[in-house]
Amino acid sequence: MLVLATHGYFLSDQKTKRDDKVRVNKQAEQETKKDLLDREGNAVENPLLRCGLLLTGCNNRDKLAKDTSLDDGVLTGMEIVGTNLRGTELVVLSACETGLGKVNNGEGVAGLRQAFQLAGAQSVVSTLWQIPDQQSALLMNDFFANLAAGQPKADALRNAQLARIKARREKFDAAHPLFWAAFYADGAVIQNGRDFA
């Protein structure tokens, strides 16, 4: 199991004009010297380069730029794909908007969730929007307690969400989905020793 409680991001497409040159990487630019544009004239961008997690040192990137041996503290989706997570049953991304991505026909949603699955993780729990830290902590506490009690991943998350709904209704007479519904589980479900995709 891999648990990351940090800040996540997914950057939207850049707005470009048909005349703008798009540099994918130095080698491609030197070999082709062509613009990479889609049918509408927008830049073709890899969504795995526009999503990531912010880790230690990310707020000091300007100082780190001088020393290329140091990590910049930004873990992009493309870097995640390059890791070996085979054998990892569950990745929990307790960070805002980690379930966002770009929908690619035939490929699903390209973003952090897909990056971890491409790296070998069987299941990923991620979020669709920003939620308050305290509510995330309470939900994650219930989720991990449910996992420790032997509940399957999807049931553990659902039961944690139901517990948050109940607690908020008791305290506030309402349970707005903002506080409990952002987390979702995706990937293989293991029941009775068998995998179900």
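These values consider heavy atoms only, across backbone and side chains, with no hydrogens, waters or symmetry-generated copies. The structure presented is a predicted model; accordingly, all values stated were derived computationally and were not measured.
Remark: Gln130 pairs with no residue by the side chain to side chain donor-acceptor pair (under 3.5 Å) rule, at least two apart or across chains. Judged as a side-chain contact (heavy atoms from CB on, under 4.5 Å), and not counting sequence neighbours, the contacts of Thr127 are Thr98, Ala182, Phe183. Residues that satisfy the side-chain contact (heavy atoms from CB on, under 4.5 Å) test with Asp133, not counting sequence neighbours, are absent from this structure.
Rounding to the nearest 0.5 Å gives a distance of 10.5 Å between OG of Ser136 and CZ of Phe179. If you take OG on Ser126 and CD on Gln114, they are separated by 12.0 Å, rounding to the nearest 0.5 Å. Atom NE2 of His7 and atom SG of Cys96 lie 8.0 Å apart (nearest 0.5 Å). Separation of atoms NZ (Lys153) and CD (Gln122) is listed at 6.0 Å; rounding is to 0.5 Å.
Counting heavy atoms from C-beta on, the side chains of Val125 and Leu90 come closer than 4.5 Å.
No side-chain donor-acceptor contact under 3.5 Å links Arg86 to the backbone of Gly120. Between the side chain of Glu79 and the main chain of Thr76, a donor-acceptor pair closer than 3.5 Å is present.
One hydrophobic cluster, built from ILVMFWY side chains closer than 4.5 Å, holds both Phe143 and Leu178. By the rule that hydrophobic residues join a cluster once side-chain heavy atoms approach within less than 4.5 Å of another member, Leu118 and Met78 end up as members of one cluster. Transitive grouping of hydrophobic side chains (ILVMFWY, heavy atoms separated by less than 4.5 Å) brings Leu128 and Ile165 into a common cluster. Cluster annotation: Trp129 is not connected to Phe10 through the hydrophobic network of ILVMFWY side chains, with a link wherever side-chain heavy atoms come within less than 4.5 Å.
Legend: salt bridge (charged side-chain N to carboxylate O under 4.0 Å, His left out) pairs involving residues 120-132, not counting sequence neighbours: none detected. Each salt bridge (charged side-chain N to carboxylate O under 4.0 Å, His left out) pair with one or both residues in residues 157-179, not counting sequence neighbours, appears once here: Asp142-Arg164.
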**OP:** Report the C-alpha separation of Val74 and Tyr9 in whole Å, then their side-chain angles, then the decisive distance to 0.1 Å, and conclude whether the side chain to side chain contact (heavy atoms under 4.5 Å, CB included) test is met.
**Re:** CA-CA 10 Å; Val74 178; Tyr9 68 89; 3.3 Å; yes
**OP:** For side chain to side chain contact (heavy atoms under 4.5 Å, CB included), just list the numbers for Val3 and Met140, CA-CA rounded to whole Å, side-chain angles, deciding distance to a tenth of an Å, and then say yes or no.
**Re:** CA-CA 10 Å; Val3 179; Met140 285 290 105; 6.0 Å; no
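Checked options Val92, Leu162, Leu147, Leu139; the residue passing with Leu157 is Leu139 (criterion: side-chain contact (heavy atoms from CB on, under 4.5 Å)).
Between Gly8 and Ala95, the shortest heavy-atom distance links the atoms N-CB, 3.7 Å. When all heavy atoms of Ala115 and Gly77 are compared, the pair lying nearest together is CB-O, 3.4 Å.
When hydrophobic side chains of Ile, Leu, Val, Met, Phe, Trp and Tyr are connected at separations under 4.5 Å, Leu55 ends up clustered with Leu2, Leu4, Leu53, Leu75, Ile80, Leu85, Val91, Leu93, Leu112, Phe116, Val124.
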